[in-house]
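In the text below, chain A, chain B and the rest are named by the order of the sequence lines, each starting its count at 1.
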There are 2 protein chains.
Amino acid sequence: MDIIVVSGRKRKFDEQTALQAAMEVFWAKGFVGASLAELTKCMKINKPSMYNTFGNKEALFIKATQYYIEHNLTSHSTALYEPNTPLHTRLKNYMMSIVRMQCSTEQPKGCYLVLCQSEVAGGDIPTDAAALLTEAEARPKLLLSELFRNDKEAILLGLHHNCAGNALSLYTALKGTAAMARSKVSSSDLEYVIDTMLTGMFSASEAHASSVQTIQ
Amino acid sequence: MDIIVVSGRKRKFDEQTALQAAMEVFWAKGFVGASLAELTKCMKINKPSMYNTFGNKEALFIKATQYYIEHNLTSHSTALYEPNTPLHTRLKNYMMSIVRMQCSTEQPKGCYLVLCQSEVAGGDIPTDAAALLTEAEARPKLLLSELFRNDKEAILLGLHHNCAGNALSLYTALKGTAAMARSKVSSSDLEYVIDTMLTGMFSASEAHASSVQTIQ
DNA sequence: TCTCAAATATACCATTGAGTACAATACAGG
DNA sequence: CCTGTATTGTACTCAATGGTATATTTGAGA
């Protein structure tokens, strides 16, 4: 079943290029903050082209979000499975890979998902888009959680006893760095933060026991 | 020089009450996301009243932000100076006091400043308001930094060697928890995150030395 | 070269955004 | 009980928003 090519005027723009441009606008401004005027200007197409290629603002946003996940999120996780590498190093590389992206001057600062997810709570994001954002946010948390559950070294260190908690700690740190990045804090400053969090996690078993005693 | 009372129709609403209502709208929606229609509806006044009491949207936002700082931010810091209390406990109480506020159902989720600061990067916030937000964000970081510099126990533990770094770590964690709170994560889940970060910080001197060796 | 579907450009629509003009109203001082 | 002043309610302005109708181009197939 081949694609039926029905003749007509040829498209002047590349869909992927336009999508990337749209993604960067959403990344900088959020869903609500990004206007169609600015979107189409950056995409270098006009509104009717946008509407009959992508559907509407929400559909464009969903495709842009998927583009972000594929191109700017998935890549980092390879660091987690690097063979012959201590878990601490793999986690640190993973975290810093993300932090460096958050701080990069090549792209908008911070994290696309963190920014837009915070709009969801405001209630101004359409249902389907909100669902995608929520699902996308759950992914890295699950990835880390599974790592702690299955990784040999993690089990040896006892980190598998609280997979979810440890994953939440790291993910929360990354949300924090995303916010800091947006305020123009440098990735080298944030490296200290990541180190602190990892140190805390790796000395968890003893430390948490003592902290429980400390609190009232 | 007394206040000259020139007679006229009496104001029907209380300025502070209206301001608090406005603050909650900004807290939930951000500066751009909060429309005058919604603001005035929640403040239970109409637009002309709002304009001749507060000036305009930006002026209202600035007053609402100051209201937030006074009523929802300053109070937490007393925990930092509680006498006869170990530093670890004081920090934990401080952090959890903020986290509980972020997760409270009595108010919008997350942190007013984190949400609005992220809009600043988008460029849609007027200059004066943006300056206030930036200044407000610097405050807790400075507070923590000074604590690490001057507190006897902090000095004993060597935490004064990197005041800024340690302050940044804690503040970044709080920005992270603010974002998580907005995604409806509970304060009890986030307590584990705070514990992890504090543990990391308190075992900093040794840990950071070893982590430097670990990375590449 | 004629045809016709698909893409473009321009102009438009309804709604909502921030901000205002103005008349009606309420209140203190004389 | 007037008079003047400040607040309120309604109705407006003007620009920007998401989304479309329509006419004009383009190019592959017959």
Any idea which of C:dT20, C:dG17, C:dT10 is nearest the B:Pro48 side chain? C:dT20
Tell me the interatomic distance from A:Arg11, atom CZ, to D:dA28, atom P, rounded to whole angstroms. 15 Å
For the side chain of A:Leu36, counting heavy atoms from C-beta on, which of D:dG19, D:dT10, C:dT10 is nearest? D:dG19
Which nucleotide in the set D:dG9, D:dG19, C:dT10 lies at the smallest distance from any side-chain heavy atom of A:Lys47? D:dG19
Report yes if a side-chain nitrogen or oxygen of B:Asn46 is closer than 4.0 Å to either non-bridging phosphate oxygen (OP1 or OP2) of D:dT8; otherwise report no. no
Could you check whether the rings of B:Tyr68 and B:Tyr112 sit parallel, tilted or perpendicular, using 30° and 60° as the cut-offs? parallel
Side-chain N or O of A:Lys10 closer than 4.0 Å to phosphate OP1/OP2 of D:dA28: yes
Side chains of A:Ser49 and A:Asn46: donor-acceptor distance under 3.5 Å anywhere? yes
Respond yes when some side-chain nitrogen or oxygen of B:Lys57 is under 4.0 Å from OP1 or OP2 of C:dA18, and no when none is. yes
From the options D:dT17, C:dA28, D:dG18, select the nucleotide whose nearest atom is closest to the side chain of B:Ser7. C:dA28
Please pick, from C:dA18, D:dT20, C:dT8, the nucleotide with the shortest atom-to-atom distance to any side-chain atom of A:Asn52. C:dT8
I'd like to know if A:Arg149 pairs up with A:Glu146 as an ion pair, taking the criterion as any Lys NZ or Arg NE/NH1/NH2 lying under 4.0 Å from an Asp or Glu carboxylate oxygen. yes
Option passing side chain to side chain contact (heavy atoms under 4.5 Å, CB included) with A:Met180 (candidates B:Lys141, B:Gln117, B:Glu137): B:Lys141
Could you check which of C:dG17, D:dT20, D:dT8 has an atom nearest any side-chain atom of B:Ala37? C:dG17
Tell me which of A:Ala34 and A:Arg9 sits closer to the 5' end of DNA chain D, going by the nucleotide each one is nearest to. A:Ala34
